[in-house]
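Order of the sequence lines fixes the chain letters, A, B, ..., with proteins taken first and strands second; residue numbering starts at 1 for each chain.
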Amino acid sequence: MNQSKPRVRFAPSPTGQLHVGNARTALYNWLFARRFGGDFLIRIEDTDIERSEARYETQLLEDLRWLGLDWDEGPQVGASKEIGPNGPYRQSERLEIYREHIERLLASGAAYRCFCTAEQLDAEREQAIAAHQPQVYSGRCRSISSDEIEFHLTKHEPFAVRLKIGAEPIRFHDMVRGAVEFAAEAVSDPILVRSSGMPVYNYVVTIDDALMRITHVIRGDDHLSNTPKQVAIYQAFGWPLPEFAHLSTILGPDKTRLSKRHGATSIASFREMGILPEALTNYLALLGWGAEGGTRETFTMAELAAEFTLERVTPSPAIFDFNKLYWLNRHYLKAAEPKRVAALARPYFAARGWLPEASSSDSIDGWFEQLLALFLPAVDQLDQLPEKARFLFAFDPVTAIADNENAAVLTNDSARKVLGEFAARIAMLPAPVTAEAFKAAMTEVKTASGAKGKDLFHPVRIALTGAHSGPEFDKVIPLIEAGSQLPLPTPVASVQQRVERFLAALPSR
RNA sequence: GGCGCUAUCGUCUAGGGGUUAGGACGUGAGAUUCUCAAUCUUAAAACACGGGUUCGAUUCCCGUUAGCGCUACCA
């Protein structure tokens with residue numbers, strides 16, 4: 001097709017959550033459209049009334065927006081139901097169009113009525129399997145006389161509509177895979193309209209793509225075997241063929257198709273985990289597409305849109321690597337505006353009753369950003385933050401002392417001595433203990449107790465945070481102290497309170 | 001069973017008739033640190049197999065094997 005302006009579409013079925021496989025297909029379509037100044041449309045494939053639900057459609061569109069994909073034509077979440085001159089964009093609202101077109105095919109003789117029953121067809125299929133033959137329709141109804149058709153019709157017998165497939169092999173071009181050819185026998189005479197009157201996927205897709213003037217059909221390779229049927233439909237109408245591009249499947253670590261049992265795969269679940277959209281789109285772009293040179297790993301959407309080409313899409317299936325996604329997420333978390341990260345991270349803390357729901361005061365907001373700066377390098381995902389910061393809000397000396405590893409540190413005499421000296425000095429310090437004051441106190445504890453290094457710091461760390469590992473004291477001390485002065489839903493215990501309570505809980509020997 | 005698609009480090013990929021086959025994630029080691037994380041340095045790690053074509057093939061062709069998809073009056 002020789003048009004200057006490419007038009008592509010993403011055509012999901014609203015039968016469930018948007019998952020990474022479809023999201024990647026949507027992304028590649030969007031990237032391709034943006035790269036070449038074309039149009040990106042969304043069409044809802046809801047001809048399977050059994051499984052389609054409106055709430056999935058809404059969620060789908062929200063997920064797409066969250067990813068940063070916008071569309072030029074298609075359904076809308078907001079006020080107007082849809083935008084664009086080629087609607088409706090929901091297949092359930094296009095039934096009349098499909099009906100008109102089937103009449104044309106029937107009239108031209110390109111399609112015919114098939115009165116075969118399900119039982120007949122099943123029997124034929126079983127025979128074919130037993131004989132190790134390809135399963136093809138016998139073509140019994142292909143050439144029944146018009147009298148016979150009338151006879152069936154007057155008896156109100158239900159019929160399906162089938163497309164006549166010629167003898168020639170069906171060929172098309174795929175931008176990812178090159179020339180593809182299917183033998184005519186392998187295609188058989190496909191059903192276009194069910195005997196219920198409901199049109200079939202392969203038919204409606206083709207009608208819609210043609211009518212919406214789609215120039216490049218970019219979709220998952222599970223549709224590759226469907227493509228010859230669709231090509232035959234284009235040909236039956238005399239329509240020009242679009243370009244096709246079939247994207248490989250995304251697999252799980254066990255090399256089977258990625259699904260829920262491999263863990264979180266829906267876009268919504270990644271969002272809930274605290275994966276940034278730019279991390280996800282960057283990762284998805286890299287999964288199946290290689291930039292020229294192959295040494296760059298991080299791309300903004302704009303950079304992707306400037307470089308993306310279908311020719312560089314890999315034809316082989318790719319295993320989804322959660323680790324690399326997490327790495328990318330860490331990268332973008334560090335690069336993100338602190339205020340933005342704070343707004344995204346806040347709900348995880350609010351849910352535990354540790355922070356007020358909404359941004360309430362500048363002092364709390366500022367403190368929270370300080371907290372995030374400290375813990376962000378330690379996490380892959382936002383939802384891991386509360387666990388890392390738990391000791392601030394839930395200071396629990398009893399559990400800390402009971403912990404085996406901690407107990408090992410605390411049992412020796414040196415640790416007792418360190419804690420005693422430390423407590424004595426901390427108690428004397430003026431209320432908010434500064435990092436400098438803490439440091440000075442530790443230097444004194446060091447000389448008084450003779451302990452140094454681990455022996456000096458570990459007992460203190462356990463007394464203050466309940467664990468022998470964590471962020472630097474220089475940062476933690478001010479954070480604890482500042483937190484203790486804030487009107488938080490769950491009060492943060494101050495350094496002095498912590499030491500006091502810890503020693504009280506420590507069994508004497 | 002039939003038809004189709006695919007095959008470079010464990011994973012994502014770059015590359016391409018002659019290369020020390022490059023990068024990244026992950027993994028190991030080291031540096032740093034009271035510790036963990038982060039960070040920096042560094043190491044190990046791949047052309048599925050068998051035939052052709054060719055002076056030469058990981059690269060091109062054909063098979064084999066394996067994986068996946070389709071094989072519906074599902075999408």
| Taking atom C1' in both B:G10 and B:U27, what distance in whole Å separates the two? | 9 Å
| request: Quote, to the nearest angstrom, the P distance that separates B:A14 from B:A24. | output: 15 Å
| Say you pick atom C1' in B:A37 and the same atom in B:A48; how far apart are they, in whole Å? | 39 Å
| request: Answer with yes or no whether A:N226 presents, from its side chain, a donor or acceptor under 3.5 Å of a partner atom in the base of B:A75. | output: yes
| note | Pairing partner of B:C3, by Watson-Crick or G-U wobble and under 3.5 Å for both distances, is B:G69
| query | Can you tell me how far P of B:U71 sits from OH of A:Y137, to the nearest Å? | reply | 19 Å
| Partner of B:A14 by Watson-Crick or G-U wobble geometry, both contacts under 3.5 Å, or none? | none
| Under 3.5 Å, is there a donor-acceptor pair linking the side chains of A:N329 and A:Q381? | no
| query | Checking all strands, does A:G288 fall into the base, sugar-phosphate, or nothing category for heavy-atom contacts under 4.0 angstrom? | reply | sugar-phosphate
| field | Nucleotide opposite B:G56 in a Watson-Crick or G-U pair, distances under 3.5 Å | value | none
| request: Can you figure out which of B:C12, B:G67, B:U35 approaches the side chain of A:H468 most closely? | output: B:U35
| note | With the side chain defined as heavy atoms from C-beta on, A:T314 is closest, among B:C34, B:C70, B:U13, to B:U13
| Between atom CD1 in A:I319 and atom C1' in B:G10, what is the gap in whole Å? | 9 Å
| said: When you measure from the side-chain N and O atoms of A:K255 to the phosphate of B:U11, is any distance below 4.0 Å, counting only OP1 and OP2? | reply: yes
| query | Between B:U6, B:C68, B:G23, which one does the side chain of A:T256 approach most closely? | reply | B:C68
| task | Examine B:C12: is either OP1 or OP2 under 4.0 Å from a nitrogen or oxygen in the side chain of A:R24? Give yes or no. | result | no
| message | Suppose you measure atom P in B:C61 against the same atom in B:C5; what distance do you get, rounded to whole Å? | response | 13 Å
| said: What I'd like to find out is whether the side chain of A:K334 reaches to under 4.5 Å of the side chain of A:L376, using heavy atoms alone. | reply: no
| query | Atom CD1 of A:I250 and atom P of B:U11: how far apart are they, to the nearest Å? | reply | 16 Å
| task | Give the rounded distance in Å between these two atoms: CD of A:E57 and P of B:A75. | result | 17 Å
| field | Whole angstrom value for the distance that separates P of B:C73 from CG of A:L121 | value | 7 Å
| note | B:A21 -> Watson-Crick or G-U wobble partner, both distances under 3.5 Å, gives none
| Taking only N and O in the side chain of A:Q135, is any of them less than 4.0 Å away from OP1 or OP2 of B:A72? | yes
| query | Quick one: which of B:C73, B:C3, B:C25 gets closest to the side chain of A:A186? | reply | B:C3
| Taking only N and O in the side chain of A:S195, is any of them less than 4.0 Å away from OP1 or OP2 of B:C73? | no
| field | Side chain of A:T249 (C-beta onward), nearest among B:C25, B:C68, B:A75 | value | B:C68
| task | Check the angle between the aromatic planes of A:Y326 and A:F322 and answer parallel, tilted or perpendicular using the 30° and 60° thresholds. | result | tilted
| message | Checking base pairs now: Watson-Crick or wobble, both atom distances under 3.5 Å. What partners B:U41? | response | B:A29
| query | Among the nucleotides B:C3, B:C73, B:U11, which one has an atom lying closest to any side-chain atom of A:F182? | reply | B:C3
| said: Using the C1' atom as the point on both nucleotides, what is the distance between B:A57 and B:C62, in whole Å? | reply: 15 Å
| Distance-only polar pair, side chains of A:Y332 and A:N282, donor-acceptor under 3.5 Å | yes
| Is there a donor-acceptor contact under 3.5 Å linking the side chains of A:Q230 and A:N202? | yes
| field | Rounded distance in Å - CD (A:Q384) to P (B:C36) | value | 19 Å
| said: Using 30° and 60° as the class boundaries, would you call the ring planes of A:H458 and A:H468 parallel, tilted or perpendicular? | reply: tilted
| A:F473 side-chain proximity, nearest of B:C34, B:C70, B:A75 | B:C34
| query | Who does B:U64 pair with, Watson-Crick or G-U, both distances under 3.5 Å? | reply | B:A48
| request: Report yes if a side-chain nitrogen or oxygen of A:R125 is closer than 4.0 Å to either non-bridging phosphate oxygen (OP1 or OP2) of B:A72; otherwise report no. | output: yes
| remark: Closest of B:A38, B:A24, B:G69 to the A:R330 side chain is B:A38
| remark: Between CG of A:L251 and C1' of B:C5 the distance, given in whole Å, is 12 Å
| query | Centroid-to-centroid, A:H223 to A:Y201, below 6.0 Å? | reply | yes
| query | Of the candidate nucleotides B:G15, B:C73, B:G23, which contains the atom at the shortest distance from the side chain of A:R312? | reply | B:G15
| query | According to the Watson-Crick and G-U wobble definitions, with both distances under 3.5 Å, which nucleotide is paired to B:C36? | reply | none
| request: Between B:G23 and B:C49, how far apart are the C1' atoms? Round to whole Å, please. | output: 28 Å
| query | For A:W327 and B:C25, are the ring centres under 5.5 Å apart with planes inclined under 30°? | reply | no
| field | Atom C1', compared across B:G15 and B:U8: separation rounded to whole Å | value | 9 Å
| Which residue, A:K334 or A:L325, contacts RNA chain B at a nucleotide closer to its 5' end, judged by nearest heavy atom? | A:L325
| query | Does A:H458 or A:S248 map to a spot on RNA chain B nearer the 5' end, using the closest nucleotide for each? | reply | A:S248
| Candidate pair A:H216 and A:F32, rule ring-ring contact (aromatic ring centres under 6.0 Å, His included), full reasoning | CA-CA 9 Å; A:H216 300 258; A:F32 181 78; 4.7 Å; yes
| task | Take atom C1' in B:C40 and the same atom in B:U32, then report the distance between them in whole Å. | result | 9 Å
| Quick one: which of B:G26, B:C34, B:A7 gets closest to the side chain of A:R461? | B:C34
| request: Give the rounded distance in Å between these two atoms: NZ of A:K475 and C1' of B:U35. | output: 15 Å
| said: With side-chain hydrogen bond (donor to acceptor under 3.5 Å, both in side chains) as the test, pick out the partner of A:H246 among A:T227, A:D222, A:N226. | reply: A:T227
